[in-house]
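Notes to accompany the following structure.
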Amino acid sequence: LLIFNKHQVLMQPQQCQPHSPPVKVAASILNSDLAELHSECNRMISAGSDFLHLDVMDGHFVPNLTFGHPVVQCLRPKLPGVLLEVHMMVSKPRQWVQPMASAGANQYTFHLEPFCQIGSTGGGSDSSSPAIGNVDTEACSECIRHIRENGMRVGLGISPDTPVHLVFPFVESVDQILVMTVHPGFGGQSFMSDMMPKVKSLRDRYATLDIEVDGGVTPDNVAQCASAGANVLVSGTALIKSPDPAAVVARLKSVYKS
C-alpha cells in the first residue's frame with residue numbers, strides 16, 4: 001500500500017510512483033550587473049527562467065552583505081506576475097518576514113541553522129565547522145506559520161554541514177526544501193556532488209515535494225541533480241554570464257526529458 005499525504009510520502013515504495021513535480025529553473029541574480037538589475041531580471045525571465053531567486057545576506061549568518069526588502073519593493077512593480085523567491089541567509093529569519101511580504105516577495109526561503117542549538121551559522125567553509133545540534137522545533141514552526149500568515153510560500157533550506165533528517169519534521173508544513181550545494185555566503189565555490197544523497201533521501205520519502213538545489217549548478221552537473229531527484233534548479237553564473245541564457249535554461253531542462 002502507498003500512504004500519501006501533502007507531499008506523497010512513500011511509506012512502502014512500489015514500482016508505480018506518483019507524478020513527479022515539474023522542473024523549474026530559477027535565475028539567481030546576485031552576480032548580475034546590479035546597476036542594471038531590472039533589465040537583468042527581465043533578461044532572465046525572457047530567457048525562460050521560471051522565477052527569480054534573490055540572495056539576501058545579513059553579514060551575520062554569513063559574512064557577506066547583500067540587498068534587502070527595499071530592493072524587492074523596487075523590483076516588484078516592474079516585474080508583474082514574476083515569482084520572487086527571497087533566499088534569507090540571515091540569523092533572525094522571523095524578523096524579516098513582514099517587511100519582505102510587504103515588499104512583494106512571493107516565497108520566503110529561510111535556513112534551519114538559526115534554529116539549531118549548535119552551529120548557529122551555516123556558512124562554514126571547511127570541515128572544522130561546528131556540528132549542527134538539536135532544532136528548536138517550536139520556534140522554527142512558528143516562523144513557518146508567520147510566513148504563511150503573511151501570504152507567502154515557504155521554503156526551508158539546509159547548508160552542507162546540516163544533516164538532512166533535521167528537516168523531515170517540517171516537510172509537511174512547507175512548500176519547498178532547499179539543499180545547498182555550496183556553503184552559503186562564499187563565492188567561487190564548486191558544486192558539491194556529495195550533497196546529492198541528501199536530495200535522494202528527500203525524494204525517496206516525498207515524491208511530490210519541490211526540492212531545490214542552489215550553488216554551482218550548471219549544464220555540466222545538472223544530470224546529478226536530476227538523478228538524485230531535485231526538480232528546482234537555481235543557477236547564477238551559468239545563466240547570468242552566458243551570452244545565450246535561453247540555451248542554458250534549455251540545456252538544464254533537457255536532462256529531465258531524456
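Using a 4.5 Å heavy-atom cutoff, the side chains of Cys41 and Ile29 are in contact. In this structure, the side chains of Thr109 and Val154 stay at 4.5 Å or more apart for every pair of heavy atoms. You'll find the side chain of Arg43 reaches within 4.5 Å of the side chain of Pro245, heavy atoms only. Under the 4.5 Å side-chain criterion, counting only non-hydrogen atoms from C-beta, Met89 is not in contact with Phe110. Using a 4.5 Å heavy-atom threshold, the side chains of Phe115 and Pro93 count as touching. Taking the side chain as every heavy atom from C-beta outward, Ile211 and Gln176 never approach each other to under 4.5 Å. Val234 has its side chain out of reach of Val217: every pair of non-hydrogen atoms, C-beta onward, lies at least 4.5 Å apart. Residues Met44 and Leu52 have side chains in contact (heavy-atom distance under 4.5 Å, counting atoms from C-beta outward).
Of the possible polar contacts, one joining the Thr218 side chain to the Asp220 backbone as a donor-acceptor pair under 3.5 Å is found. Of the possible donor and acceptor atoms, one in the side chain of Ser46 sits under 3.5 Å from a partner among the backbone N and O of Asn42. Side-chain atoms of Arg76 come within 3.5 Å of backbone N or O of Leu79 as a donor-acceptor pair. Side-chain N or O atoms of Arg251 include none that pairs as donor or acceptor with a backbone N or O of Ser254 at under 3.5 Å. Under a 3.5 Å cut-off, the side chain of Asn231 and the backbone N or O of Val23 do not form any donor-acceptor pair. Between the side chain of Lys198 and the backbone N or O of His165 there is no donor-acceptor pair closer than 3.5 Å.
Residues passing the side-chain contact (heavy atoms from CB on, under 4.5 Å) test with Thr66, sequence neighbours excluded: Leu30, Met57. Scanning for salt bridge (Lys or Arg N to Asp or Glu O under 4.0 Å) contacts around Lys241 gives an empty result, with sequence neighbours left out. Qualifying salt bridge (Lys or Arg N to Asp or Glu O under 4.0 Å) partners for Asp210, counting only residues two or more places apart in sequence or in other chains: Lys24, Arg153. Considering only residues two or more places apart in sequence or on other chains, Pro99 meets the side-chain contact (heavy atoms from CB on, under 4.5 Å) condition with His69, Trp96. Remark: Asp194 engages Met192 in a side-chain contact (heavy atoms from CB on, under 4.5 Å) (not counting sequence neighbours).
Cluster membership check: Phe191 shares its hydrophobic cluster with Val222, using side-chain heavy-atom separations under 4.5 Å among Ile, Leu, Val, Met, Phe, Trp and Tyr. Put simply, Leu178 and Leu84 are part of two different groups of oily side chains (I, L, V, M, F, W, Y) that touch within less than 4.5 Å, one to the next. Note on Leu233 and Ile45: same hydrophobic cluster, where clusters join Ile, Leu, Val, Met, Phe, Trp and Tyr whose side-chain heavy atoms are under 4.5 Å apart, directly or indirectly. Linking ILVMFWY residues whenever their side-chain heavy atoms come closer than 4.5 Å, directly or via other members, leaves Leu65 and Met100 in distinct clusters. One hydrophobic cluster, built from ILVMFWY side chains closer than 4.5 Å, holds both Val72 and Met152.
Nearest heavy-atom pair, Cys140 versus Leu156, reported as atom, atom and distance to 0.1 Å: SG-CD1, 4.4 Å. Considering all non-hydrogen atoms of both residues, Ser141 and Phe170 come closest at OG-CE2, 3.6 Å. The shortest heavy-atom contact between Ser235 and Leu252 is CB-CD1, 4.1 Å. Nearest heavy-atom pair across Leu209 and Pro21 is O-CG, 3.7 Å. The two residues His111 and Glu113 make their nearest non-hydrogen contact at ND1-OE1, 2.9 Å. Pro184 and Pro160 get closest at one heavy-atom pair: CD-CD, 4.0 Å.
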**Item:** Verdict with supporting geometry, His183 and Asp161, side chain to side chain contact (heavy atoms under 4.5 Å, CB included)
**Value:** CA-CA 8 Å; His183 289 285; Asp161 296 326; 3.8 Å; yes
Derivation of the salt bridge (Lys or Arg N to Asp or Glu O under 4.0 Å) call for Asp50 and Lys253: CA-CA 11 Å; Asp50 295 286; Lys253 290 189 173 184; 2.9 Å; yes
| task | Report the C-alpha distance between Leu54 and Phe67 in whole Å, list the side-chain angles of each, state the deciding distance to 0.1 Å, and finish with yes or no for side chain to side chain contact (heavy atoms under 4.5 Å, CB included). | result | CA-CA 9 Å; Leu54 286 72; Phe67 39 72; 3.8 Å; yes
Margin query: If you apply the rule side chain to side chain contact (heavy atoms under 4.5 Å, CB included), what do you find for Val25 with Leu239, and how did you get there?
Written below: CA-CA 10 Å; Val25 173; Leu239 268 177; 4.1 Å; yes
* Mind running side chain to side chain contact (heavy atoms under 4.5 Å, CB included) on Lys92 and Phe61 for me, showing each step along the way? => CA-CA 8 Å; Lys92 297 180 179 180; Phe61 179 73; over 6 Å; no
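Asp175 and Arg148 are joined by a salt bridge, as a carboxylate oxygen and a charged side-chain nitrogen come within less than 4.0 angstrom of each other. Taking the charged nitrogens against the carboxylate oxygens, Arg145 and Glu142 have no contact shorter than 4.0 Å, which rules out a salt bridge.
Each of Val135, Ile158, Thr137 was compared with Leu166 under the side-chain contact (heavy atoms from CB on, under 4.5 Å) criterion, and only Val135 meets it.
Side-chain atoms of Asp58 and Ser91 form a donor-acceptor pair, as typed in the model, at a separation below 3.5 Å. Glu36 and Ser32 form no side-chain donor-acceptor contact under 3.5 Å, judged by distance and modelled atom types alone. Judged by distance alone, the side chains of Asp55 and Ser28 do bring a donor and an acceptor atom under 3.5 Å apart.
Taken to the nearest 0.5 Å, the CZ atom of Arg94 stands 10.0 Å off from the OH atom of Tyr108. For the atom pair SG of Cys143 and CG of Asp136, the computed distance is 11.0 Å after rounding to the nearest 0.5 Å. Interatomic distance, Thr181 OG1 to Gln189 CD, rounded to the nearest 0.5 Å: 9.5 Å.
Cluster partners of Phe51 are Leu83, Val232, counting Ile, Leu, Val, Met, Phe, Trp and Tyr whose side-chain heavy atoms approach within less than 4.5 Å, directly or via other members.
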